[in-house]
Amino acid sequence: MTTIRLHDTKTRRKVEFAPIDPKDVRLYVCGPTVYDRAHLGNARPVLVFDLLYRLLREVFGAEHVTYARNFTDVDDKINARAAQTGRPIREITDETILWYHQDMDALGALRPDHEPRATDYVGQMVAMIERLALAGHAYAAEGHVMFSVASYEAYGALSGRDVEDMIAGARVEVAPYKRDPMDFVLWKPSAEGEPGWDGPVIEGESVGHGRPGWHIECSAMSYQLFGASFDIHGGGIDLQFPHHENEIAQSACAHPEGDFANVWMHNEMLQVEGKKMSKSLGNFFTVRDLLDKGIPGEVIRLVMLGTHYRKPMDWTEEKRAEAEATLTKWYSLLHTHGFTAKMVRDLKASGDWAMDAEFLGVLANDLNTPGAIARMHVLSSARTPAKLVPFVAALELMGLIEDWDALSDLAGAEAGPAIAPEVDAAVTALLTRRAEARAAKDWAEADRIRDLLNAAGVQVTDMGGQASWQPGPGFDASKLEGQA
RNA sequence: GGCGGGUUGGCGGAGAGGUUACGCAGCGGAUUGCAAAUCCGUGUAGACCGGUUCGAUUCCGGUACCCGCCUCCA
């Protein structure tokens, strides 16, 4: 069996991945707060952990891996959006979840097995908060329930921080209801009109109407779905502190019988043309923006996987173009070798389906996707359908082809603007004249016609004595007027 | 102020203490009437200064620069 090695943030070392139960490998990833379209940065962890999910399924068997990714559907940003638009919260979160699914589906990300919504687990959160209070790790104050950081001595282990240092840094929020500046909210009161639930009962007294703090949801939901110990917890590096540190504190104190997550994985951030993506710099865009511009999801996916997940990744126009060229080349290659949905099905059924061991080994080495892509380039140099099978298997594992019936569309460059019949007729007429000139070996005239067409952005290709054409960059039919 | 990450050839981007990353671009060649496409060949780079070592781009220390987190954030 392939050995998977993963970089564990907590120990800052690469570890051999040994699941608690190989028949039930459990992966939890922090999902989005659903108040708006997912931006490109949101797509990075989705794609990184989608690939981890696929790798785990490949190695342990699809039926032995469970992937959970939450939706945070209770949050001040959502409340603000509701207040600002006058729309019901549930309508906003439902709509955003729908968008999220559409956009991530377009990137070829598999749906997780569980997508728990925070609001469906408030009861479990309340129970966990009460449990923490009973064990002396939480206290009620002014309608809030706070987690007492001082009660958990291992606090800071994940992010390598020292509580004393952080207080010295003086960037912690001081609030009157905090016993200690580092303490964080488990439950907070809701005002009139804000979403709220009956709060936990602490020392025989109800805390009152309110809503959960942000961190508790992941602790409660992962416990409900996976139990006190599970294998991998993932998310963006920006969540390492405080979100994940707080999750650990809550889970470890509420369920000291478990280990919570054995391996912690964090992806680095995304930049755009060398700069942090931000609305003020004007380089902020959503996944939908890119898709609407005609950039296929596969292209976005290949660009993302072209940088190792633990390094900052820069989204650039140049990378987009290179990824698009690579994919078009690969899809055309398979198309010309006659790959179809049926052929792939038959290959899988016949036992001739084979995963390249080197490819899988590279990928299993802490999800080295750039290395895996490099290996795919080597595998793609095979020139018979049978020898291309390892390449095809790799392409599938990378999630770069979901629907083999779409191969011909993918292979034939992106469907450009429709060609008007009169333009087609004009080009064809010129090509006919060029064919006559070529037949007469009048190369000067033949090249003159091709130059003319090239000037209008028409790409002429001579194949097997036949000339064909496609609109290329800078295609402008008006330049052909009067030339036929 | 605290914590962490990065610096690789023209560009992107990996692994590995000593032997080809890979892709794009470029250059040379095959093929083609010429092109396109394709194929073959071609690149000794590793911020700077020290140290360890028979040998370091790869390990250790320092310097410089860049970036992220510490506040909602993937």
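This is a predicted model, so every value here is computed, not measured. The figures that follow rest on heavy atoms only: side chains count, while hydrogens, waters and symmetry mates do not. Lettering follows sequence order; numbering is per chain, from 1.
Across the protein-nucleic acid pair, His335(A) atom NE2 and U38(B) atom C1' stand 17 Å apart, rounded to whole Å. In this entry the distance linking CG of Leu302(A) with P of G13(B) reads 13 Å, nearest Å. Atom CZ in Phe359(A) sits about 16 Å away from atom C1' in A21(B), given to the nearest Å. Between the CG atom of Asp314(A) and the P atom of G6(B) there is a distance of 17 Å, rounded to whole Å. A straight line from CZ of Arg44(A) to P of G68(B) spans 14 Å, rounded to a whole angstrom. What separates CD of Glu358(A) from C1' of A14(B) is a distance of 13 Å, to the nearest Å. Atoms CG (Leu379(A)) and P (G23(B)) sit 12 Å apart, rounded to a whole Å. If you measure from atom NE2 of His377(A) to atom P of G13(B), you get 14 Å, rounded to the nearest angstrom.
Under 3.5 Å, the side chain of Asp76(A) and the base of C72(B) form no donor-acceptor pair of N or O atoms. One N or O donor and one acceptor, one from the side chain of Asp447(A) and one from the base of G33(B), sit under 3.5 Å apart. Residue side chain Arg375(A) does not reach the base of C22(B) through any donor-acceptor N/O pair under 3.5 Å, judged by distance alone.
Listed nucleotides: A35(B), G15(B), A74(B). Nearest to the side chain of Asn368(A): G15(B). Of all nucleotides listed (G15(B), A35(B), C69(B)), C69(B) comes nearest to the side chain of Asp238(A). When distances run from any side-chain atom of Thr326(A) to the nucleotides A74(B), G23(B), A35(B), the shortest one goes to G23(B). Side-chain proximity of Trp214(A) to C24(B), C72(B), C34(B): nearest is C72(B). Closest to the side chain of Arg434(A), out of G33(B), C67(B), C24(B), is G33(B). Considering only side-chain atoms of Ala374(A), the nucleotide from A74(B), G33(B), C22(B) that sits closest is C22(B). Distance from the side chain of Asp462(A) is smallest to G33(B) among G4(B), G33(B), A74(B). Nearest nucleotide to the Glu318(A) side chain, out of C73(B), C11(B), G33(B): C11(B). Picking from G12(B), A74(B), C67(B) the nucleotide with the shortest atom distance to the side chain of Pro45(A) gives A74(B). In the set G68(B), A14(B), G33(B), the nucleotide with an atom closest to the side chain of Ile237(A) is G68(B).
Put simply, Lys441(A) has no side-chain N or O that comes within less than 4.0 Å of OP1 or OP2 on C34(B). The side chain of Ser159(A) places no N or O atom within less than 4.0 Å of a non-bridging phosphate oxygen (OP1 or OP2) of C3(B). Neither OP1 nor OP2 of C67(B) sits under 4.0 Å from any side-chain N or O of Lys311(A). Checking the phosphate oxygens (OP1, OP2) of A36(B), no side-chain nitrogen or oxygen of Trp469(A) falls inside 4.0 Å.
Comparing A56(B) with U19(B), their C1' atoms sit 15 Å apart, to the nearest whole Å. Comparing the C1' positions of U8(B) and A45(B) gives an interatomic distance of 6 Å, to the nearest angstrom.
In a base pair of the Watson-Crick type (N1 to N3 plus N6-O4 or O6-N4) or a G-U wobble (N1-O2 and O6-N3), with each distance short of 3.5 Å, C69(B) is matched with G2(B). Nucleotide G55(B) is matched to nothing when pairs are restricted to Watson-Crick or G-U wobble geometry with both distances under 3.5 angstrom. Nucleotide U20(B) has no partner under the Watson-Crick or G-U criteria, as no pair reaches both atom distances under 3.5 Å. Base pairing analysis places C39(B) opposite G29(B); the two distances defining the Watson-Crick or G-U wobble pair are each below 3.5 Å. The partner of A45(B) is absent, by the rule that a Watson-Crick or G-U pair needs both atom distances under 3.5 Å.
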Note to self: Quick one, His244(A) with His266(A), criterion side-chain contact (heavy atoms from CB on, under 4.5 Å). Give me CA distance, side-chain angles, the key distance, then yes/no.
What the structure shows: CA-CA 10 Å; His244(A) 289 161; His266(A) 292 97; 2.8 Å; yes

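No more than 12 heavy atoms of other residues, nucleotides or ligands lie within 6.0 Å of CD in Glu153(A), so this atom counts as exposed by the packing criterion.
Side chain to side chain, Tyr35(A) and Asn79(A) fail the donor-acceptor criterion of an N or O pair below 3.5 Å. Asp75(A) and Thr72(A) form no side-chain donor-acceptor contact under 3.5 Å, judged by distance and modelled atom types alone. For the residue pair Thr9(A)/Gln240(A), the side-chain donor-acceptor check at 3.5 Å is not satisfied.
The residue among Arg438(A) and Lys329(A) whose nearest nucleotide of RNA chain B lies closer to the 5′ end is Lys329(A). Residue order along RNA chain B, read from the 5' end via each residue's closest nucleotide, puts Asn365(A) first among Ile373(A) and Asn365(A).
Arg301(A) contributes a side-chain N or O that, together with a main-chain N or O of Leu107(A), makes up a donor-acceptor pair within less than 3.5 Å. Judged purely by atom type and a 3.5 angstrom limit, Asn368(A) uses its side chain to pair as donor or acceptor with the backbone of Gly371(A).
Between His215(A) and His243(A), the ring-plane angle classifies as tilted under the 30° and 60° cut-offs.
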